[in-house]
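Some notes on the structure that comes next.
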Amino acid sequence: LARDIGPDGVRVNCIVLGAVVVEKEAQLATEEEILQLVNRNQCMPGRIFPADVMPTFHFFASNASRPITGQSLHVDKGWTHH
């Protein structure tokens with residue numbers, strides 16, 4: 001997609017989120033169970049909150065990312081590298 005619409009000046013990037021805290025998860029497990037799971041699978045311990053990922057969205061929407069397209073950025077405290 002980045003190659004197809006890049007000539008029109010459109011950037012295409014992807015933010016790949018890890019285990020971001022959401023309200024619905026409380027129905028699935030206790031906070032302690034979720035924390036054990038994420039700490040076991042992430043390189044960095046602790047939860048990811050929506051406020052933690054907002055700067056990434058702001059960056060990709062800003063002119064600071066003007067030369068960047070066709071990229072994926074993982075915001076997951078290292079889950080993909082586990």
Side-chain angles (χ1 to χ4, degrees):
L1 189 58
R3 187 175 302 277
D4 291 342
I5 62 177
D8 296 323
V10 179
R11 295 172 292 180
V12 179
N13 295 296
C14 177
I15 300 170
V16 182
L17 299 176
V20 177
V21 174
V22 295
E23 292 178 24
K24 196 85 167 162
E25 68 187 18
Q27 297 174 1
L28 303 174
T30 67
E31 178 61 25
E32 183 60 33
E33 291 170 329
I34 295 169
L35 189 58
Q36 287 178 6
L37 172 69
V38 298
N39 284 342
R40 186 171 56 243
N41 290 292
Q42 295 175 165
C43 295
M44 296 172 60
R47 302 302 312 273
I48 302 170
F49 295 91
D52 298 328
V53 299
M54 288 308 299
T56 307
F57 285 98
H58 289 150
F59 169 71
F60 274 136
S62 75
N63 282 335
S65 70
R66 196 169 38 104
I68 302 170
T69 193
Q71 301 301 308
S72 294
L73 180 60
H74 294 254
V75 180
D76 65 358
K77 289 194 169 199
W79 188 298
T80 56
H81 296 289
H82 174 70

Taking a hydrophobic cluster as the set of Ile, Leu, Val, Met, Phe, Trp and Tyr residues connected by side-chain heavy atoms closer than 4.5 Å, whether directly or through intermediates, do Leu1 and Val10 fall within one such cluster?
-> yes
Verify same cluster id: Val20, Phe59 (apolar side-chain graph, 4.5 Å) = yes
From the list Asp76, Leu73, Thr56, Val75, side chain to side chain contact (heavy atoms under 4.5 Å, CB included) partner of Leu17 resolves to Val75
Between the CD atom in Glu32 and the CG atom in Leu37, the distance rounded to the nearest 0.5 Å is 11.5 Å
Value for NZ (Lys77) from CG (Asn41), rounded to nearest 0.5 Å, stands at 13.5 Å
Residue pair [X] / [Y]: nearest heavy atoms and the distance that separates them:
X     : Y     : result
Asn13 : Gln71 : OD1-N, 3.1 Å
Ser65 : Phe60 : OG-O, 3.0 Å
Pro55 : Ala51 : CD-O, 3.3 Å
Asn39 : Pro45 : OD1-CA, 3.1 Å
Ser72 : Val16 : CB-CG2, 4.3 Å
His81 : Cys43 : CB-SG, 4.1 Å

Could you check if a side-chain atom of [X] sits within less than 4.5 angstrom of a side-chain atom of [Y], using non-hydrogen atoms only?
X     : Y     : value
Val12 : Ile5  : yes
Val53 : Ile15 : no
Leu35 : Arg47 : yes

